[in-house]
Amino acid sequence: MTASTSRLELPDRATRHAIARRFPSISQRCYVRAKLGSDPVYAATAGVCATAPRLPLLDVGCGMGLLGHFLHACQMLDEYHGLDHDARKITAGHVAAASLDGALDLQHGDVTDLPDCHGHVALLDVLHYLPARRQTDLLTRLTGHVAPGGRLIIRNVLREPHWRFRATVIEEHVLSASGWMRVGATHYPCAEEIRAPLEAAGLKVTIAPLWGRTPFNSYLVVAHRH
């Protein structure tokens with residue numbers, strides 16, 4: 001499984017702290033600084049978008065909208081629509097985005113309530129919280145939101161006989177027990193379970209590891225029309 005993505009540097013320390021200061025609580029600010037400084041998914045997503053036409057971005061499962069803040073800091077953002085089922089995170093995201101003059105549109109809702117947005121689509125660390133059938137249905141629906149020239153960018157844990165997968169399962173239990181995640185993992189997909197519905201919808205799919213410096217079994221999936 002291979003994929004080629006451009007790499008962008010993470011924002012420097014001053015920029016990471018500037019983004020973190022927008023968030024209302026100390027714990028959120030600490031989380032944002034740590035996340036931006038360690039998680040490779042934001043730079044990887046920005047790298048994919050940098051090689052494609054500049055289009056609106058639909059971020060499904062956006063949490064507090066951190067991807068939008070990252071892309072805004074990279075001056076790569078024209079239109080951002082984030083959707084998440086956790087009202088707490090959306091509320092925090094609204095507070096943090098208040099100083100950005102409407103650059104980030106964050107909505108509380110389920111994945112069944114996708115806004116009417118067509119462009120690039122991001123789905124970061126969402127699939128394994130859904131049953132297998134809903135994963136397939138969601139992937140199929142998201143292909144309809146990918147505009148010509150757009151990219152569907154997915155980061156998710158893949159089910160594999162690997163120590164990284166076992167480490168990820170343990171982390172998910174910790175996140176659920178801590179209350180940070182309101183729902184627990186339901187079904188970890190294998191690569192083919194993600195690839196099949198995307199290719200059936202006419203998209204070309206590449207998959208590559210996105211471990212970074214983490215012990216987790218994360219992969220980056222990038223899909224676009226032939």
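Remember, it's a predicted structure, so these values are computed and weren't measured experimentally. No hydrogens, no waters, no symmetry mates; every other heavy atom, side chains included, goes into these values.
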Are V111 and V60 side-chain neighbours, meaning at least one heavy-atom pair lies under 4.5 Å?
yes

Tell me, which pairs form a side chain to side chain donor-acceptor pair (under 3.5 Å) where one or both residues lie in residues 54-81, sequence neighbours left out?
R22-H69, R54-D78, D59-Y80, E79-H81, H81-D105

Fellow cluster residues of F165, listed by chain then number, with links counted only when side-chain atoms sit under 4.5 Å apart:
V157, V169, Y188

Testing the basics here: between L142 and L114, what is the closest heavy-atom pair and its distance to 0.1 Å?
CD2-CD1, 3.7 Å

Answer whether the closest heavy-atom distance between the side chains of V121 and I153 falls below 4.5 Å.
no

How many angstroms lie between atom CZ of F216 and atom CD1 of I170, to the nearest 0.5 angstrom?
9.5 Å

I need the F70 CZ to T15 OG1 distance, nearest 0.5 Å.
10.0 Å

Could you check whether any side-chain heavy atom of H187 comes within less than 4.5 Å of a side-chain heavy atom of R134, counting everything from C-beta outward?
no

Single-linkage hydrophobic cluster V32~V95, side-chain heavy atoms < 4.5 angstrom:
no

Within the 4.5 Å heavy-atom criterion, are P115 and Q107 side-chain neighbours or not?
yes

Among L158, I194, T186, the one residue meeting side chain to side chain contact (heavy atoms under 4.5 Å, CB included) with L127:
I194

Could you note down all residue pairs passing salt bridge (Lys or Arg N to Asp or Glu O under 4.0 Å) where residues 214-226 supplies at least one of them, sequence neighbours left out?
none

CD on E160 to OG1 on T168, rounded to 0.5 Å
10.0 Å

D84 side chain to H108 backbone, donor-acceptor under 3.5 Å:
no

Heavy-atom nearest pair, P189 first then H128, reads CD-CB, 4.3 Å

Taking A196's backbone N and O only, do any of them form a donor-acceptor pair with E199's side chain (distance below 3.5 Å, no angle check)?
no

Where do V205 and A223 come nearest, in terms of heavy atoms and distance?
CG2-CB, 4.1 Å

E193 versus P197, closest heavy-atom pair with distance:
O-CD, 3.2 Å

Point-to-point distance, once rounded to the nearest 0.5 Å, from OG of S218 to CG of L220
10.0 Å

Tell me whether Y31 shares a hydrophobic cluster with L124, the cluster being built from Ile, Leu, Val, Met, Phe, Trp, Tyr side chains joined at under 4.5 Å.
yes

Before you tell me yes or no, could you show the steps for I154 and Y219 under side chain to side chain contact (heavy atoms under 4.5 Å, CB included), namely the whole-Å CA-CA distance, both residues' side-chain angles and the distance that decides it to 0.1 Å?
CA-CA 8 Å; I154 301 168; Y219 284 79; over 6 Å; no

Under the criterion side chain to side chain contact (heavy atoms under 4.5 Å, CB included), I'd like the reasoning laid out for L57 against C117: C-alpha separation, chi angles, the key distance, then a yes or no.
CA-CA 8 Å; L57 174 68; C117 174; over 6 Å; no

Is any side-chain heavy atom of L106 closer than 4.5 Å to a side-chain heavy atom of C62?
yes

Do L55 and L77 belong together in a cluster built from hydrophobic side chains that touch within less than 4.5 Å?
no

Of all heavy-atom pairs linking R33 and A20, the shortest is CG-CB, 3.4 Å

Determine the minimum heavy-atom distance between P53 and G149, stating which atoms define it.
CD-O, 3.2 Å

Test ring pair (Phe, Tyr, Trp, His ring centres under 6.0 Å) applied to H224 - qualifying residues, sequence neighbours left out:
none

Quick check: do I90 and L83 have side-chain heavy atoms less than 4.5 Å from each other?
no

Start with the C-alpha distance between R164 and W211, add both sets of side-chain angles, then the distance that settles side chain to side chain contact (heavy atoms under 4.5 Å, CB included), and finish with yes or no.
CA-CA 9 Å; R164 286 183 175 275; W211 300 333; 3.4 Å; yes

Residue pairs fulfilling salt bridge (Lys or Arg N to Asp or Glu O under 4.0 Å) with at least one residue in residues 64-77, sequence neighbours excluded
none

For L130, does its backbone N or O pair with a side-chain atom of Q135 as donor and acceptor, under 3.5 Å?
yes

Between D39 and L36, is there a donor-acceptor pair closer than 3.5 Å when you use the side chain of the first and the backbone of the second?
no

Sequence neighbours left out, what pairs pass side chain to side chain donor-acceptor pair (under 3.5 Å) with at least one residue falling in residues 137-152?
none

Take L139 and L198, measure what side chain to side chain contact (heavy atoms under 4.5 Å, CB included) needs, and give me the verdict at the end.
CA-CA 7 Å; L139 291 171; L198 302 183; 4.1 Å; yes

Report the distance from atom CZ of R88 to atom CE of M64, rounding to the nearest 0.5 Å.
10.0 Å

To the nearest 0.5 angstrom, please state how far the OG1 atom of T112 sits from the NE2 atom of H85.
12.0 Å

With heavy-atom distances below 4.5 Å as the criterion, would you say the side chains of L66 and K35 are in contact?
yes

